Structures are given as structure tokens and as C-alpha cells.
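Please find one structure pasted underneath; my questions will follow.
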Amino acid sequence: MGALIACLGLTALLRAGGGEAEPLPTLLAGIPFTADRRPHISPTSLLAPAVLAVVIVAAWRDVHIRLRWGTLLITAYVASLAWTLALASVHGLSGLAGPLGNGPGYLSDVAAADADPVGFLRSYTHQGAHQGAASGSGTRAHPPGLVLVLWALTRLGIRAPSALGVVLTVVGAATVPLAAIAVRSLCHDRAARRFAPVLVLAPWAVWIPAADAVTATLAAAFVTLGVIGSEPGRHLRWAAGCGLGIGVATLCGYAVPWLGITVVATYFVRRRPLLNVITGGCVLLPLSVAAFLGFSWPDGLAVAHDQVVHATTHIPGSTAGVPAWVARVPPGLAVVLAACGPTIIRAARRVRLTPGWPFLVGAVPAIGFGMVTGLTGAHPERSWLPFYCWLLVPALAPSPRPQGPGDMTQAGTLPLGLTTVGALSAIVARAFLPGTL
């Protein structure tokens, strides 16, 4: 909590000195520390504390240890889904009505894709450059993949914002079992089992009902495919599937390719470096298909970057005091601390003790990329959904390090108290945040 308050205080100082170019992230504009609003309390506000109590009691009684592995994954998924829906229900249906409001331009983009999907892809980069020059604010912070996902859902008849939110929540909750599978492979069974309650009660569940939840699930899927595929004796199709997953996820987020470093590091740790060739080749297939249809990923990244530079240069006061990229760091760190909860402090202290360090070499640079470039805009809390879970893996590392080689039989104790505090902070934040994030 002290670290979060320090980041918020530094953010306030930078804004007072004119060093902040972009608006505050949605999270920082709505939490009690900065918002002049009363908490929203309704009968449905009791759902999240009820889910929290059930999960905490189950974890305290070591249910996650006694369950069969497959049953644990299903249970963790259902519990994560219940936790996310309970948080969203504080504001009723409006708590699930965020997908089409996830950044400027989504409504018009979905309408344009509905009229002509191929034409939309061909004009995506050009329209983004034109809109950025005209308005001075980026409307292309993401590649077109998320818009196409929303378009596909509307074509299936799911048009109500609340219904879209439910579907995206169902998809986003899959990150929990996927991340647990990857941790079990790269670390060990006990660490993965103790990691499950931490993932289920994640504070970042506040932002799961959004299009970025699809990116998070795709990212968790390709990391899991890569980690499992690097195990001895696995067929090469795992590495190929990992590459295809990276390619598809890259069409949903400009920072997602950084997680590919996790896969590369895992291949080298397990002495299967040739898998990089297969995975790398398959990454190009979705990007090549998109280029054939008219969207160039490098051009899209360049346009998004130009929009950020344009916005930073043309907003009054943005050049006073400190560089814009420096001013983005304190609010970015505050977002990470609030989204991951106090468990991330324990994780930071045990980085050198965990065999899951390859997860960090992908997730940490990805978030750093977002802070420095500003491509996440005013919504980093959602844009970083694919990376939060990997930041907490070291929290389950044993301290001190086991005397035997490796860390295949021991794990750190479940940080039940820290997990509870993080979950309570999510309940409080959801009460103060606006209904549609």
C-alpha cells in the first residue's frame, strides 16, 4: 500500500508540474485516492465478499492440494468466473457493459467492420493516421484483432454490451487454468496448486469484462503451448501451435510479442533451441494472412507510435518539466501495484529464487514497453491483462532456496493474507470505479 501511495503522490507532483501529457488511466481516475465520488453499494455488492469468503476458506483448508489436477483446473476456472462476475455485478448490468467502450473508436470500428471486414482491414492503418492527425489522440492503440472479435460476436447476434461483457468474461477466465498449467510444467505441481487461489482472487479481475480479455487468454494459451511443448518427448505440433498463437495474439496487442521471449527462454532452459525455428516460422503465418488482406502490423505499430508522439507534443504543458515517457512511469507502476495487489511485493523479493523466471523476462519488458511508449493510452489496466498473472509467479518460490538442486519438490507457502488484502482492494476499487470502465 505504501508503494502504491508513493506512486500516486509522484504522479500528482508530475501532473502539477505539467509533465503528464495523457489523461490519467481509468483506474487512477476512479479509485478513492483521487476520485471525488461516493462508493456504489447495492445488494449485489455482497456477491464479491461471498465468493472471497468461500475461496479463502477452501484455500485455508487446502482444498487446492487435495483435488485432482483436472478437477482443480475446472474448479479454479469456475471460481475465477464467479469472482469476476461478482465484482462486475456491483453496478448491475452496467458493470459488464464495457467492451464497446474500451477505448475511443470501438463503436465506429465495429460498424465499419460490419459493413466491409476486408475493407476495414485495408483502411485500418490509413484511417488511424488520419484520425490521429486530426484529433491529436490515438484511436489505434490496438491492432484490429480485438475489433474483429467484437464484430464476430455481433454477427453471432450478441450485440448488447452486457451480453458481450459476459462472453468476454467467460473467455478471459480461461487465463487461470492456462497459467496454472504453465506454472506446473516449468515450476512444479505444488507451486501451481498454491498459485491457483492467487489467480482466482486476482484484483485485475475488475477489468476482465473487456475486449482485452481475449488477448489475455490468447497470450496465456501460447505461453502454455510453448512451455508444454518444450517438455522432453513432446511432438513438434506443440511448438507450431505456440507460434500460431503468438501470431494471432500479436494481431490483438502491440506489446504481446514480448511474451514470446518467455517461450524462447524456456526452449533454451530445456535445451530445445531448435523449436524456436518452428515457432518463429508459424508466428509469421497469421501476420502474413493479415498483410495479404491489407493490414500491415509494422505499419500499424508505426501509426500508433506517431499518434502518441503527436499527442505528447501538442497538448499544452506536456513538454514542461520532464519528458512524457518519464511522466508515464509513476502512474504505470501504480496501475501494476493496484492490479496485482500486495502479493507482487513478495514476488519481487523472490525473483532470484523461482524456476519460473522465464515468465518474467517476457512480462516485465512488455509492461515496460507500454509505460515508455504510451501505446496503452488511458487504459493500461486493461491493456496489461495478458501480463499480470506472470508477474506473481515468483511469489510461490520457497525462501530460503532448497539445498537440493532445482526447486522441484518445494514451494513457498500460499500468501493467503496478501491474497485476501488484494481481493478486498478490488472490492473497494470496484465500488468507487464507474459502472462502465
Side-chain angles (χ1 to χ4, degrees), residues 96-135 137-172 174 209-219 221-222 241 243-257 282-307 375-377 379 382-383 385-386:
L96 292 166
L100 292 181
N102 186 6
Y106 265 72
L107 282 171
S108 59
D109 284 346
V110 171
D114 192 47
D116 183 10
V118 177
F120 168 75
L121 282 176
R122 290 175 179 170
S123 61
Y124 188 81
T125 303
H126 173 72
Q127 288 183 359
H130 175 74
Q131 292 173 2
S135 65
S137 63
T139 58
R140 291 293 188 263
H142 292 88
L146 295 181
V147 176
L148 293 179
V149 169
L150 292 174
W151 168 78
L153 292 175
T154 58
R155 295 291 290 181
L156 292 174
I158 307 173
R159 296 182 177 275
S162 57
L164 285 170
V166 171
V167 172
L168 295 174
T169 301
V170 170
V171 174
D212 299 272
V214 176
T215 311
T217 300
L218 289 172
F222 78 68
L244 292 174
I246 295 175
V248 173
T250 296
L251 293 173
C252 295
Y254 288 119
V256 170
C282 291
V283 168
L284 299 176
L285 291 179
L287 298 178
S288 299
V289 172
F292 176 77
L293 294 176
F295 171 73
S296 170
W297 191 89
D299 290 346
L301 177 60
V303 168
H305 179 265
D306 289 344
Q307 289 181 351
L375 288 177
T376 55
H379 304 280
R382 291 197 298 253
S383 298
L385 282 174

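Predicted model only: the values in this text are computed from it and were never measured. Side-chain atoms are counted along with the backbone in the values below, which use heavy atoms only and exclude waters and symmetry mates.
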I'd like to check the ring-ring contact (aromatic ring centres under 6.0 Å, His included) partners of Phe222; sequence neighbours left out, ordered by chain and number. none
Could you give the distance from CG (Leu385) to OG1 (Thr215), rounded to the nearest 0.5 Å?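 Result: 8.5 Å between the selected atoms.
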To the nearest 0.5 Å, what is the distance between CG (Asp116) and OG (Ser123)?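 Taking CG in Asp116 and OG in Ser123, the distance rounds to 8.0 Å.
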Roughly how far, to the nearest 0.5 Å, is CZ of Arg159 from CG of Leu153?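 Nearest 0.5 Å value for the CG-CZ distance: 10.5 Å.
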Applying side-chain contact (heavy atoms from CB on, under 4.5 Å), can you list everything that pairs with Asp299, at least two apart in sequence or on another chain? Thr125, Ser296
Residues in side-chain contact (heavy atoms from CB on, under 4.5 Å) contact with Ala160, at least two apart in sequence or another chain: Ser162, Ala163
Just to verify, what does Val289 make a side-chain contact (heavy atoms from CB on, under 4.5 Å) with, not counting sequence neighbours?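 Val289 satisfies side-chain contact (heavy atoms from CB on, under 4.5 Å) with Leu293 only.
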Calculate, to the nearest 0.5 Å, the distance between atoms SG and CG belonging to Cys282 and Leu284 respectively.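 Taking SG in Cys282 and CG in Leu284, the distance rounds to 9.0 Å.
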Under 4.5 Å between any side-chain heavy atoms of Val147 and Phe120, yes or no?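 Contact flag for Val147/Phe120 side chains = yes.
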Would you indicate whether the side-chain heavy atoms of Leu251 and Pro144 approach each other to under 4.5 Å? no
Side-chain touch Leu150/Leu168, heavy atoms, less than 4.5 angstrom: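 Side chain of Leu150 against side chain of Leu168, heavy atoms only: contact under 4.5 Å found.
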Looking at residues at least two apart in the chain, or sitting in another chain, which of them share a ring-ring contact (aromatic ring centres under 6.0 Å, His included) with Trp297?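 Counting only residues at least two positions away or on another chain, Trp297 forms a ring-ring contact (aromatic ring centres under 6.0 Å, His included) with Tyr254.
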Mind checking side-chain contact (heavy atoms from CB on, under 4.5 Å) for Ala302 and listing every partner two or more places apart, or none if nothing turns up?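 Scan of Ala302 (side-chain contact (heavy atoms from CB on, under 4.5 Å), adjacent residues dropped) gives none.
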Beyond-backbone contact of Thr250 with Pro143, side-chain heavy atoms, under 4.5 angstrom: no
